[in-house]
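One structure below.
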Amino acid sequence: MRDTGPHPLAVAALAARSVAAREPLSRAAGDPWAEGELARVIAVQNLRPEDWSEALTLLDGLRERGGITGVHQGLHCQLAYATGDPAQAEALLAEYPDVPAPVRAALAVDLGRADLATLLPAPKVQVPDGPGRPFDRLTTGPVQRRGHDRRITSVVTTWQPGPELLTAVRSLTRQTWTNHEILVVDDGSSTEFAPVLRAAAALDPRVRVIRMVARAGPYVARNAGLDAATGDFVTFPEPDGWSHPLRLERQVAPLLADERLFSTTAAALPVTPGLVVTRPGLDPATPPGPASLMLRRAVALSRVGHFDPVRAGAAHEYAERAQAVLGPAATMPVNGLPLALTRLGPDDTDAPRAYVSAFRRWHAHVRDGREPATRPRAFAVPRRLRGETGARAYDVVLAGDWTTAGGAGTAGIGQLRALAARRQRAALLHLDALPHLREGPRDLDPAVQDLINTGELTEIGLADDARARLVVARSAHVLQYAPDQPSGVRAQRVLIEDAVVVPAAATAAKRLFGQWPLWTPAGPDGRRQLSAETGVTVAGLDLPSTLDAAQWRLDRRGPRADRPVVGRHCRGGPAEWRRLRDEVPESARLDVRLLDAAGSADRSFGRFGPPRSWLVYGPGDVSLRSFLGQIDFYLHLPPDDEPADPGPDLLTALAAGCVAVLPYRYAAAFGDAAVYCTPEEVPDTVRRLHANRRALRDQSARGAAYVRRHHTHALYAERVSHLAHPTINRTEGNSSVTSWHLANRQPGPGATDS
C-alpha cells in the first residue's frame, strides 16, 4: 500500500476547482491511496450538496477492504462528524491508529471530550454563559501584563460593523503587551453604524476611531492606519476575529531580538460562530500567513511602501513584496499553537490568480533592482479588485493556458498584436490544462505577464463582466476541466480550435460563455475528421497554427555533424516515448537527440531508461531554440489518428531551418516543404539528404519559406476577424480569406458558413 503524500492528480483537481477534474483520479480506482485522495478532493471541493456523503461512501468502502491509511483515516472521522453522525466519528477515532494528531485533537473538542483551550496557549480560553454566539463570548483567565518602551499599533479596518467588531477590539484591549495603540479605521460606513464605532471607542482609552469619508476598500483603510500609527510595530487583526492575550507579546519577541527582521506572522484557528473546529479534509489551524503580519513601521514606510489599494488579496502581495526587497528571511513565522481565532465564512481575502501572477512578475523586477518597491503599482490588477463595475466589450477573446507549460503565449502574443493591428478589441483569458496543475497553479508565462503589466495586452477573468463577439478556446483541453464557478463572460459565438470532439468541453463552453461551440480545425485533414462526427457544428474557416518565423531563423549553411542529427521535441508521456522507441532506429550512423519537455522519459522506460544511443535533454537542460539549432532533421512520428495538419512544434522546427521528416499522409498539407518516409525508411532518407549539402540547404529553405507564407499571425487575425464579424462583406481588405473559404469549405454534418 502506498502513502506518499498528495497525489498529483488530486493536486490538479483541487487547483482546477471543478467536478470534471475528479475524473482522471477516479480512473485510478484499485489503488487505495488514489481512492482515498479522490475522497479528499470531493470533500475539500464540496461543490455539490451530495459531495460529503459521496466522499464518506468512498471511505466506508475503503475501510471495509482494509485499505484506508494516514490522513484518509482522519478525513473519514471528519466526514462522519460533519455529516451528522458523531457516534460514528467516535467509533472511527477509537479504531484508527493513524489519525493525524491535530485532526484528532480538533474532533475531541467538537465531540465534547476536550476543551477548546487544549488547542490554544495558556491562559485558558473560556466561553461563559450569556447572550450572543459562543465566539462573541470568548474570554480567558487572568493574564500577567507587561510594560515596555516599544509601542505596538493594531490597525483594525471595518465597514458596516456589527457586534463582531466589539469582540475583536475587546480581545485587543486584553493583550499582555500594554504599550498598545488600537486604531479602528472605518471604511466609509453609513451613519447608522456610528453606535457600534462609539461602543468600540468606549472599550478602552487606547482605542481611537478614524472614519474615512467614503468607502475605498480595506487596504486603503489599512494605509490610513499605517500613516496614523505611532507604534514602532504595526499589526492588522481581523475585524471579526479574536486575538489571544499573548498574540502581540509573542509576535513582537523575534522583532525585538533581531533588528534585521522586518515582520512576523502567527497561526490562526478557523472556527464557526459556534466554535466548531472540524473542517473535512483540512488541518484545523491555518499556518502563519500574510493576514497576521506584524511589521516594523519605519522600514515599511521607507523601503517596502504601502499596501496595494485593491479590494482583496493585498496582504499576500505586501508580504511577498517585502521578501523581494529585504530577502526571503525578512519574515519569520512564530511557530507553536494558534494565537488567534478567525470566523469561517465566505473568504474574500484570497488573492485571485491573475493578481498573484501579475505582482510576482513585478516583484521579480524589484528583486533585480529594475523597479523601486515604493513606487505606485506597476502591474495589472483585475477590474473587480479595483472596484470597477459594468460590462466591457471585446471583439475577440483568446482562451487558453497562458502559462509557460501551456504554451498559449508562444503564438498568442503575436496573434493578439495582429488582431490589434486590425483594430479588433482583443483580450486573453487564462484557463488551465489539467496536466499542468499537478504541482499546483502556475503563474503566467513571464513574456505574456510583462505585456499585461505594461498594458499592451488585456487579460480578463471568468469573474469579469465581459461581452465578446467571439471567444476562441485554443484547445478542447482547456475547457474539458474548466472550473465550476459562475462566469460573467458572455459571447455571441464560441470556437474550439481542435479536431477531436470532447463533449465535456462543449458543455463547459455553453456553461461559461452561453453558447454551444463551433469546432475549428487547423487544416483540411482536421476538417475531414470533424465532418465525420455527427451533431458537430464546424466553423467555415480553419485556424492554422502560426508563429513569428523570423524569431526562430537560424544559420543553416550545411549539416551539423558528420552523421545526420535527427531529433524531436517530446511533450507527451509514456505512449509517445514507446512509439519513438519502436519507430526511431538505433543506429551508429544516426545521432538521435530528444528534448523531453514533460520530464517523462525516465519513468516511461523503467529502470533501464531510454536507449543508450539517444541523447535526451530534460526540462531546463537546453532551450528549444538551442536544441533545434543542434539538429538537421526533425522527426514527426504522430499516432495514425492525429490529423495531418501543421502543428506548432513542427512549424517551429521548419522556421528554425530543420528538415521535417513526415509520414506520407502529410504530403497534401506540406508539399515540397518536407520529406516523407516510413519509420523503416528514415535512416536511408536522412543519410541521402545529409550527404548532399546543397540539397539539404535547399530543403531547409523551402520549409522555412512555407512557414513564412502560410502561417503568419496576420493570417490568423484576418480569419478570426471574419469569424467574429460574420456579417461583414468578406471581400474587404485582403481577398485571400474569401478565395480560401470558397476553395476549401467542405460540407459536413452541421457545417456552417462562418
Side-chain angles (χ1 to χ4, degrees), residues 40 43-44 70-71 73-82 86 89-90 92-94 96-130 132-144 164 167-168 170-172 174-177 235 237-238 240-251 253 264-292 294 333-345 347 349:
R40 183 173 68 87
V44 173
V71 297
Q73 291 185 358
L75 174 63
H76 200 184
C77 300
Q78 289 175 321
L79 283 168
Y81 175 81
E90 287 268 20
L92 292 173
L93 273 177
Y96 289 148
D98 299 326
V99 174
V103 173
R104 188 180 292 275
L107 281 164
V109 170
D110 291 336
L111 291 168
R113 295 197 285 107
D115 195 277
L116 181 64
T118 61
L119 305 180
L120 300 168
K124 182 178 179 180
V125 66
Q126 302 169 356
V127 186
D129 293 335
R133 292 167 293 190
F135 194 109
D136 295 312
R137 302 200 306 269
L138 285 166
T139 186
T140 63
V143 295
Q144 179 65 45
E164 298 85 0
T167 300
R170 190 179 296 113
S171 70
L172 293 170
R174 295 174 180 174
Q175 294 291 302
T176 59
W177 194 269
T235 190
E238 294 295 328
D240 61 351
W242 178 86
S243 296
H244 189 277
L246 292 174
R247 176 177 183 174
L248 297 185
E249 181 178 332
R250 291 198 174 174
Q251 270 201 256
T264 60
T265 57
L269 184 66
V271 297
T272 68
L275 300 181
V276 174
V277 185
T278 296
R279 298 180 295 156
L282 301 172
D283 284 339
T286 58
S292 61
M294 177 184 283
V334 177
N335 296 317
L337 294 173
L339 294 173
L341 298 181
T342 58
R343 295 179 198 249
L344 282 174
D347 190 352
T349 61

Assess whether side chain to side chain contact (heavy atoms under 4.5 Å, CB included) is satisfied between V109 and L275, documenting all intermediate values. CA-CA 9 Å; V109 170; L275 300 181; over 6 Å; no
Identify the heavy atoms of V125 and T140 that sit nearest to each other, and give their distance. CA-CG2, 4.0 Å
For the backbone of W177 and the side chain of E249, can you confirm whether one donor and one acceptor N or O come within less than 3.5 Å of each other? no
When you measure from the side chain of R250 to the backbone N and O of V334, does any donor-acceptor pair fall under 3.5 Å? no
So do L138 and S171 actually touch side chain to side chain, heavy atoms under 4.5 Å? no
Should T286 and T342 be marked as a side chain to side chain contact (heavy atoms under 4.5 Å, CB included) after you check the CA-CA gap, both sets of side-chain angles, and the distance that decides it? CA-CA 10 Å; T286 58; T342 58; 5.6 Å; no
Could you walk me through whether L120 and L337 pass the side chain to side chain contact (heavy atoms under 4.5 Å, CB included) test, one step at a time? CA-CA 6 Å; L120 300 168; L337 294 173; 5.7 Å; no
Checking H244 side chain against P121 main chain: does a donor-acceptor pair fall under 3.5 Å? yes
Considering only heavy atoms from C-beta outward, does the side chain of P237 approach that of L172 to under 4.5 Å? yes
Donor-acceptor pair, distance only, cut-off 3.5 Å: does the side chain of T264 make one with the backbone of Q251? yes
Among T272, V271, V127, whose side-chain contact (heavy atoms from CB on, under 4.5 Å) with F135 holds? V271
Rounded to the nearest 0.5 Å, how far apart are CD of Q73 and CG of L92? 9.0 Å
If you take all heavy atoms of G74 and V99, which pair is closest and at what distance? CA-CG1, 3.8 Å
Any donor and acceptor pair, going by atom type alone, linking the side chain of D136 with main-chain N or O of T167 inside 3.5 Å? no
Side-chain donor/acceptor of S292 to backbone N/O of A266, under 3.5 Å: yes
Looking at every heavy atom in both A267 and P288, which two are closest together, and how far apart are they? N-CG, 3.8 Å
Measuring from atom NE2 of H76 to atom CG of L93, what distance do you get when rounded to the nearest 0.5 angstrom? 11.0 Å
Tell me the closest heavy-atom pair linking T139 and P128, and the distance in Å. CG2-CD, 3.8 Å
Could you tell me the separation between the OG1 atom of T278 and the CG atom of L111, rounded to the nearest 0.5 Å? 7.0 Å
Flag, side chain of R247 to backbone of Q175, donor-acceptor distance under 3.5 Å: no
If we ignore hydrogens and angles and just use 3.5 Å, is the side chain of R137 paired with the main-chain N or O of D129 as donor and acceptor? no
Please evaluate residues R174 and V143 with respect to the criterion side chain to side chain contact (heavy atoms under 4.5 Å, CB included), reporting the C-alpha separation (whole Å), side-chain torsions for both, the decisive distance (0.1 Å), and the verdict. CA-CA 8 Å; R174 295 174 180 174; V143 295; 5.9 Å; no
Nearest heavy-atom contact between V44 and P280 is CG2-O, 4.0 Å
For the atom pair OH (Y81) and CG (L107), what is the distance rounded to the nearest 0.5 Å? 8.0 Å
Quick one: CG on L246 to CD on Q144, what's the gap to the nearest 0.5 Å? 11.0 Å
Tightest non-hydrogen contact, residues E238 and A168, listed as O-CB, 3.6 Å
